[in-house]
Amino acid sequence: MKVDAMIDQDPMAAAFDRAREAARLGEVPVGAVVVRNGAVLASAGNRTLTDRDPTAHAEVLAIREAARVLGSERLIGCDLYVTLEPCAMCAGAISFARLRRVYFAAPDPKGGAVEHGPRFFAQTTCHHAPEVYGGIRESEAAELLRDFFKQRR
């Protein structure tokens with residue numbers, strides 16, 4: 001996406017669009033969007049199966065693209081919107097990218113690392129802890145995940 005592309009919908013809605021695209025590809029339906037000053041820098045859905053890459057989580061892919069667009073590994077002043085609580089790997093990427101805020105939809109009691117598990121940003125060894133806001137459109141995200149896994153069983 002172009003850096004100057006203004007958000008024509010709320011960023012979480014765009015993240016849900018990426019999550020649904022991922023589901024259509026057979027990927028776990030997680031989507032992420034990086035925004036700065038009202039402009040979408042990057043968006044992605046999970047692509048671990050498509051790319052045959054265990055690190056191809058939506059958050060990591062969106063962070064990589066935003067860093068490329070900005071020409072910097074530091075995403076100062078940027079916010080991340082994601083449909084599922086980030087895992088430890090993604091929390092590490094968020095911290096190193098210096099994202100300002102993280103907004104997530106559904107909590108992930110099993111694999112999440114922000115409000116669950118290691119609570120990455122609360123650790124003394126965490127380099128940078130963004131502001132975190134969870135539970136945004138939580139029931140919609142939970143339903144999307146439930147439906148996806150129900151079809152897989």
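Only this structure's heavy atoms are used, side chains among them; waters, hydrogens and symmetry mates stay out. Starting from 1, each residue takes its place in the sequence as its number.
- Taking each heavy atom of Ala113 and Ala88 in turn, the nearest pair found is CB-N, 3.3 Å.
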What verdict does the side chain to side chain contact (heavy atoms under 4.5 Å, CB included) test give for His127 and Arg98, after you've listed the backbone C-alpha separation in whole Å, the side-chain angles of each residue and the deciding distance to 0.1 Å? CA-CA 9 Å; His127 294 282; Arg98 306 295 196 266; 4.1 Å; yes
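- The two atoms that bring Ala105 and Ala141 nearest to each other are CB-CB, 3.5 Å, heavy atoms only.
- With contacts defined as side-chain heavy-atom distances shorter than 4.5 Å, the pair Leu99/Ile63 qualifies.
- A continuous path of Ile, Leu, Val, Met, Phe, Trp and Tyr side chains, each step under 4.5 Å between heavy atoms, connects Leu41 with Val102, placing both in one hydrophobic cluster.
- Residues Leu145 and Lys150 form no side-chain contact, since every pair of their non-hydrogen atoms from C-beta on lies 4.5 Å or further apart.
- Applying the ring-ring contact (aromatic ring centres under 6.0 Å, His included) definition to pairs two or more places apart or across chains, those involving residues 131-153 are Tyr103-Tyr133.
- Not a single donor-acceptor pair under 3.5 Å links the side chain of Glu131 to the backbone N or O of Arg101.
- Side chains of Pro130 and Ile94 form a contact here, defined as non-hydrogen atoms less than 4.5 Å apart.
- Hydrophobic cluster membership differs between Met89 and Leu84, with clusters built from Ile, Leu, Val, Met, Phe, Trp and Tyr side chains linked at under 4.5 angstrom.
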Test side chain to side chain contact (heavy atoms under 4.5 Å, CB included) on Val40 and Val33 and set out the steps. CA-CA 7 Å; Val40 172; Val33 174; 4.2 Å; yes
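- In this structure the side chain of Leu75 reaches within 4.5 angstrom of the side chain of Leu70, judged on heavy atoms.
- Both Phe120 and Phe104 are part of a single hydrophobic cluster, where members link through side-chain heavy atoms under 4.5 Å apart.
- In terms of the side-chain hydrogen bond (donor to acceptor under 3.5 Å, both in side chains) criterion, residue partners of Arg100 (sequence neighbours excluded) are, by chain and number, Asp79.
- Nearest approach of Arg137 to Asp10, heavy atoms of both residues: NH1-OD2, 3.6 Å.
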Check against side chain to side chain contact (heavy atoms under 4.5 Å, CB included), Leu49 and Leu25: CA-CA 9 Å; Leu49 301 173; Leu25 296 172; over 6 Å; no
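- Between Glu143 and Arg146 there is no salt bridge, since no side-chain N of the basic residue sits under 4.0 Å from a carboxylate O of the acidic one.
- Between Arg20 and Pro29 the shortest side-chain heavy-atom distance does not fall below 4.5 Å.
- Heavy-atom minimum distance, Gly112 versus Pro118: O-CD, 4.0 Å.
- What you find for Ala22 and Val28 is that their closest heavy atoms are CB-O, 3.9 Å.
- Between Arg152 and Asp147 there is no salt bridge, since no side-chain N of the basic residue sits under 4.0 Å from a carboxylate O of the acidic one.
- Leu144 has its side chain out of reach of Thr83: every pair of non-hydrogen atoms, C-beta onward, lies at least 4.5 Å apart.
- What you find for His57 and Thr48 is that their closest heavy atoms are CD2-CG2, 3.7 Å.
- Side chains of Val114 and Phe121 form a contact here, defined as non-hydrogen atoms less than 4.5 Å apart.
- Between the side chain of Glu65 and the backbone N or O of Ser43 there is no donor-acceptor pair closer than 3.5 Å.
- Tyr81 has its side chain out of reach of Ile136: every pair of non-hydrogen atoms, C-beta onward, lies at least 4.5 Å apart.
- Going from atom CZ of Arg47 over to atom CZ of Arg52 covers 14.0 Å, rounded to the nearest 0.5 Å.
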Working for ring pair (Phe, Tyr, Trp, His ring centres under 6.0 Å), residues His128 and Phe96: CA-CA 7 Å; His128 167 78; Phe96 282 115; over 10 Å; no
Is there a side chain to side chain contact (heavy atoms under 4.5 Å, CB included) between Arg64 and Thr55? Walk through the geometry before answering. CA-CA 11 Å; Arg64 286 177 185 161; Thr55 69; 3.2 Å; yes
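- Within the model, atoms CE of Met12 and CD of Glu140 stand 9.5 Å from one another, a figure rounded to the nearest 0.5 Å.
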